[in-house]
Amino acid sequence: MKRIAGALTAFVRFSECCAVAVAMGAFSHLSDGRIRGLWPSCRITCDSAGCDEDGRHSYDVRFSQKLRPSLHLVHSGRFLSMLKRTHTCGELRAEHASQTVTLCGWVNTYRDQGKGLIFIDLRDRDGLTQVVFNLEYVAGDVVTAGRGLRREDVIAVTGKVRTRAGDPNPKLPTGEIEVVGDQLEVLNKAETPPILPDEYEAEKIAEETRLKYRYIDLRRKRMQHILRTRHRVTKIARDYFDEHGFTEIETPFLIKTTPEGARDFIVPSRMYPGQWYALPQSPQLFKQILMVAGCERYMQIVRCFRDEDPRADRQAEFSQIDLEMSFVDRDDVMAMMGGFIQTLWKQVLGMDIGDIPAITYRDAMERYGIDRPDLRFGLEITDVSDHAAKTEFKVFTNALAKDTGVVKAIRVPGGAEKLTRKMTDGYSEWIKTFKAGGVPVVKYTDKGFEAGIAKFVSPIEKELVERLGLEVGDSVLFAADTYAIATKALGELRNKLARDLDLIDETQWKFVWVIDFPMFEFDEETQRWYSLHHPFTSPRPDQFDQLESDPGGCLSTGYDLVVNGSEIGGGSIRMHQPHVQQKVFDMLGLSKEEAKMKFGFLLDALKYGAPPHGGIAFGLDRLVMHLVGTDNIRDVIAFPKTQTGADLMIQAPGSVAPEQLEELHVQSVLPEEAKQLHEHVPEVVDRG
RNA sequence: GGGGCGGUAGCUCAAUUGGUUAGAGUCCCGGACUGUCGAUCCGGUGGUUGCGGGUUCGAGUCCCGUCCGCCUCGCCA
């Protein structure tokens with residue numbers, strides 16, 4: 001046994017600098033304070049751990065084999081001591097000049113100027129700081145280590161701050177200064193990274209690769225900013241609602257499947273063979289029960305699960321800021337929640353958004369063709385069915401002959417010039433996505449209607465000009481179909497037009513409450529009513545009578561909060577009287593027995609003193625998306641899933657051992673074609 | 001379940017009508033350089049063209065199947 005003289009406080013390294021990190025990485029702390037490690041050719045054990053006043057550890061080290069000749073001590077610093085960080089890479093300014101500091105972080109870039117000089121841009125979550133090593137003045141091992149630095153190495157550097165000897169870099173907040181490196185510890189040498197957390201390149205890298213190496217992607221300034229912003233949103237939410245008397249209460253994840261709504265994720269029960277838990281689509285019923293339980297004001301930032309296909313702004317696993325209040329009506333909830341959104345925008349963006357206006361569902365559908373209208377631009381939709389009926393245009397007359405047939409129009413100011421034939425042809429094709437037949441178009445010039453369907457609509461020129469407020473140079477786009485199809489198609493077309501014609505002022509925030517939703521929607525296919533919101537939404541107090549007499553016309557207390565055409569929250573006043581709730585279940589075709597089986601606990605709870613109550617849930621992911629300006633929900637989730645529900649980093653989902661299935665009383669029954677797929681999954685996911 | 005786009009070096013991309021040894025930038029490796037800052041300059045390593053099959057004298061390119069990623073319709077109370 002060879003004992004290294006004295007307390008070992010040294011780096012152990014090869015003469016090649018790159019071995020340092022390997023040697024250090026080979027050690028590990030033991031719980032009793034000793035460290036032990038393996039080295040390719042020698043076993044190293046360390047004990048007698050000591051701790052000095054600065055809290056640094058030092059160790060006696062014995063090598064069980066003779067040291068390889070190439071291994072030698074080159075530095076009498078402290079082994080594993082880690083230079084202690086004094087500042088972050090974002091905070092140093094000219095006024096720190098002449099201070100000695102220690103920075104820790106990742107090597108963002110290195111610029112080796114040759115024999116004399118090495119520049120390192122050191123990055124931590126706070127920013128970048130230039131470190132310069134003047135090789136003439138630093139110790140030999142620092143020269144060696146410094147020259148070996150590569151991107152994403154983790155290092156600690158001690159040195160003196162000074163205003164830059166060269167030109168300042170106006171691109172960096174720390175660009176006036178640099179740290180003159182004196183001591184350098186390579187805390188962890190990085191292998192050549194597959195991707196770089198580089199703002200110049202990162203946005204171009206395939207998302208697939210970014211998701212696989214998420215821990216590198218998240219090092220980027222932008223991703224750090226997003227994670228930080230998300231934290232601030234949840235903090236502001238907790239603070240705001242705490243100040244308003246809300247209590248944060250957790251609700252269970254292992255619950256029971258519910259009828260209607262999205263597909264559930266289900267979890268087999270080990271204790272109850274053949275029975276299943278479901279993951280919550282939202283804590284809806286629990287928060288209502290909490291109101292019955294006298295909590296009065298509840299909030300929770302909670303994960304929800306819906307097993308449906310994801311979209312750019314949708315994940316199967318997502319987060320809500322969930323809220324419920326007792327003894328309130330619709331306006332109380334909207335005022336409280338509007339206040340939250342105002343606070344949020346003020347604190348995160350420094351913006352005053354003012355009071356949030358409201359629009360009825362009916363208005364929204366009529367004027368914007370969608371229940372989440374984007375109010376940053378005009379292009380409102382107008383019903384022209386009555387005039388269209390007077391034309392001999394078959395597309396119009398055939399549509400109007402249908403049950404709920406309508407003809408609707410959008411006036412595009414200046415469209416005669418801005419909308420090319422190619423564009424409008426494109427719209428006709430594109431709109432088929434929404435089952436509409438096409439987009440008839442006409443230009444309005446000083447000679448009247450021209451091009452497109454001019455000859456058909458010229459007879460009603462006067463009426464259309466008046467109805468649509470047409471001016472010379474405008475175009476009119478039509479949709480003729482059933483109410484549902486024409487409305488939706490034109491609503492989508494309106495949004496597309498705004499994007500294509502660059503009519504959207506991206507600096508604006510147009511918030512709006514959508515209210516007075518219908519209680520129910522009739523589904524032709526299944527010939528039954530469905531809740532537009534959910535089956536616990538109360539009708540408006542003045543609409544109770546319509547519940548049975550005119551279910552289609554009965555309005556609910558529901559409200560959605562919409563910003564810039566995106567739904568960021570929705571809620572309602574709930575039914576707190578069991579007989580009203582029962583009536584709604586009746587309407588939905590839920591038998592007494594079924595209702596009792598699925599929601600018996602709720603109906604019971606309502607019987608034993610339920611206060612009037614209502615609430616809302618905000619989509620946390622979407623709020624953050626707006627606040628950081630992204631249209632990709634995966635950007636605002638630290639570890640998101642792909643569109644097929646896979647986690648490319650951990651490679652989930654994965655198979656389980658047969659014993660696990662057995663224990664859960666579950667058998668896999670794969671369709672023939674899936675068996676092959678199943679076998680392929682591991683390789684496919686790992687293909688890089 | 002349907003429609004669209006994409007998959008070539010670690011990364012970002014190119015490759016003519018199907019035709020020589022699949023190129024470039026970057027990363028990485030080696031060298032030069034004392035004020036750089038997306039450093040520069042010189043040289044070098046690096047390829048199962050997602051996977052499987054087919055057509056062909058010859059396939060990155062054409063055909064069939066399949067997988068993966070993104071967008072989207074349906075779906076998402």
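Just so you know, these numbers use all the heavy atoms, side chains as well, and skip hydrogens, waters and symmetry mates. Sequence lines set the chain letters: A, B, ... in the order given, protein chains first and strands last, and positions in each chain run from 1.
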Heavy atoms only, 4.0 Å cut-off, all strands: where does A/D198 land among base, sugar-phosphate and nothing? nothing
Name the closest nucleotide to the A/Q113 side chain, picking from B/rU36, B/rC71, B/rC37. B/rU36
Using the side-chain heavy atoms of A/L648, tell me which of these nucleotides is nearest: B/rU36, B/rG69, B/rC76. B/rG69
Taking any heavy-atom pair under 4.0 Å as a contact, classify A/A165: base, sugar-phosphate, or nothing. base
5'-most by nearest nucleotide on RNA chain B - A/F119 or A/P194: A/P194
Using the side-chain contact (heavy atoms from CB on, under 4.5 Å) rule, take A/Q581 and A/R574 through it: C-alpha gap first, then chi angles, then the decisive distance, then the call. CA-CA 9 Å; A/Q581 179 69 71; A/R574 332 293 182 185; over 6 Å; no
Are any of A/T644's side-chain N or O atoms less than 4.0 Å away from OP1 or OP2 of B/rG69? yes
Go through B/rC73, B/rC11, B/rC75 for me and flag the one nearest to the A/I195 side chain. B/rC11
Whole-Å C1' distance, B/rC29 and B/rG65: 42 Å
Just to confirm, is there a sub-4.0 Å distance from OP1 or OP2 of B/rU36 to any side-chain nitrogen or oxygen of A/R111? no
A/R314 side-chain N/O to A/D309 backbone N/O, donor-acceptor pair under 3.5 Å: yes
Under a 3.5 Å limit for both distances, which nucleotide forms a Watson-Crick or G-U wobble pair with B/rA15, could you say? none
Cation-pi between A/R219 and A/Y215: NZ/CZ under 6.0 Å from ring centre and within 45° of the ring axis? no
Taking 4.0 Å as the cut-off, does a side-chain nitrogen or oxygen of A/T209 come that near to OP1 or OP2 on B/rG69? no
Distance in angstrom units between A/R220 CZ and B/rG38 P, rounded: 18 Å
Heavy atoms under 4.0 Å, any strand shown: does A/F536 hit a base, just sugar-phosphate, or nothing? nothing
B/rG74 phosphate, OP1 or OP2: any side-chain N/O from A/K488 under 4.0 angstrom? yes
Tell me what A/A316 touches on the nucleic acid: a base, only sugar-phosphate, or nothing, going by heavy atoms under 4.0 Å. nothing
Are A/F286 and A/Y298, when compared by the centres of their aromatic rings, separated by less than 6.0 Å? no
Please identify each residue that fulfils side chain to side chain contact (heavy atoms under 4.5 Å, CB included) with A/F119, with sequence neighbours left out. A/R111, A/Q113, A/L117, A/Q130, A/V132, A/E178
Any carboxylate oxygen within less than 4.0 angstrom of a Lys/Arg side-chain nitrogen, looking at A/D586 and A/K583? no
Nucleotide paired to B/rC70 in any strand shown, Watson-Crick or G-U, under 3.5 Å: B/rG4
Between A/T174 and A/L92 (side chain of the first, backbone of the second, donor and acceptor by atom type, cut-off under 3.5 Å), is there such a pair? no
Just call it for A/L128: base, sugar-phosphate, or nothing, with non-hydrogen atoms closer than 4.0 Å on any strand. nothing
Looking at the side chain of A/Q130, which of B/rC76, B/rU36, B/rA39 is the nearest nucleotide? B/rU36
Closest non-hydrogen atoms of A/T251 and A/P283, given as atom of the first, atom of the second and distance, are OG1-CB, 3.5 Å
Taking atom types as they are modelled, would you say the side chain of A/R210 forms a donor-acceptor pair with the base of B/rC11 within the 3.5 Å cutoff? no
Atom CD of A/Q281 and atom C1' of B/rC75 are separated, to the nearest Å, by 12 Å
Please report, rounded to the nearest Å, how far the P atom of B/rC70 is from the CG atom of A/D313. 14 Å
Whole-angstrom distance between B/rG54 and B/rG60, as gauged at atom P: 15 Å
Is A/R311 side chain donor-acceptor paired with the B/rG74 base, going by distance under 3.5 Å alone? yes
I'd like to know if A/D309 reaches the base of B/rG74 with its side chain, counting only an N/O donor and acceptor under 3.5 Å. yes
Reckon A/K171 has a side-chain N or O less than 4.0 Å from the OP1 or OP2 of B/rG38? yes
Using the P atom as the reference point in each nucleotide, state the distance between B/rG50 and B/rA39 in Å, no decimals. 31 Å
Name the pairs: protein N/O against N/O of nucleotides 26-30 of chain B, kept only if under 3.5 Å.
from: B/rC28; atom 1: OP2; to: A/Y110; atom 2: OH; distance (Å): 3.4
from: B/rC29; atom 1: OP1; to: A/R150; atom 2: NE; distance (Å): 3.3
from: B/rC29; atom 1: OP2; to: A/R150; atom 2: NE; distance (Å): 2.6

What's the gap between B/rU12 and B/rU17 when it is taken at their C1' atoms, as a whole Å value? 28 Å
Expressed as a whole number of angstroms, how long is the span from A/I205:CD1 to B/rG69:C1'? 15 Å
Is there, by distance only and without an angle test, a donor paired with an acceptor across the side chain of A/R306 and the base of B/rC76 below 3.5 Å? no
For a side-chain contact (heavy atoms from CB on, under 4.5 Å) check, start with the C-alpha distance between A/Q582 and A/M575, then their side-chain angles and the critical distance, and finish with the verdict. CA-CA 10 Å; A/Q582 184 61 59; A/M575 284 165 289; over 6 Å; no
Taking atom C1' in both B/rG53 and B/rC71, compute the distance separating them and give it to the nearest angstrom. 30 Å
Rounded to the nearest angstrom, tell me the gap between atom CG in A/D307 and atom C1' in B/rG1. 15 Å
Could you tell me how far B/rG2 sits from B/rU66 if I compare only their P atoms? Round to whole Å. 10 Å
In whole angstrom, give the distance that lies between atom OH of A/Y200 and atom C1' of B/rC11. 17 Å
For nucleotides B/rA9 and B/rG47, find the distance between their P atoms and express it as a whole number of Å. 11 Å
Here the distance between atom P of B/rC11 and atom CD of A/E203, to the nearest Å, is 17 Å
What about A/E178, does its side chain sit under 3.5 Å from the base of B/rG35 through a donor-acceptor pair? yes
Minimum-distance nucleotide to A/A646 side chain [options: B/rC33, B/rG69, B/rC73]: B/rG69
Using 30° and 60° as the class boundaries, would you call the ring planes of A/F599 and A/F585 parallel, tilted or perpendicular? parallel
Heavy atoms under 4.0 Å, any strand shown: does A/R528 hit a base, just sugar-phosphate, or nothing? nothing
What is the separation between atom CD on A/Q643 and atom P on B/rG4, rounded to the nearest whole Å? 15 Å
Report the nucleotide, chosen from B/rG69, B/rG35, B/rC11, that has the shortest atom-to-atom distance to any side-chain atom of A/E208. B/rG69
Touch check for A/T109, heavy atoms < 4.0 angstrom, all strands: base, sugar-phosphate only, or nothing? sugar-phosphate
Just say parallel, tilted or perpendicular for the rings of A/F536 and A/H534, cut-offs at 30° and 60°. tilted
Determine the interatomic distance between P on B/rU61 and the same-named atom on B/rG18; round to the nearest Å. 11 Å
Candidates B/rC75, B/rC37, B/rC71 - which lies nearest the side chain of A/R634: B/rC71
Can you figure out which of B/rG35, B/rC75, B/rC73 approaches the side chain of A/R314 most closely? B/rC75
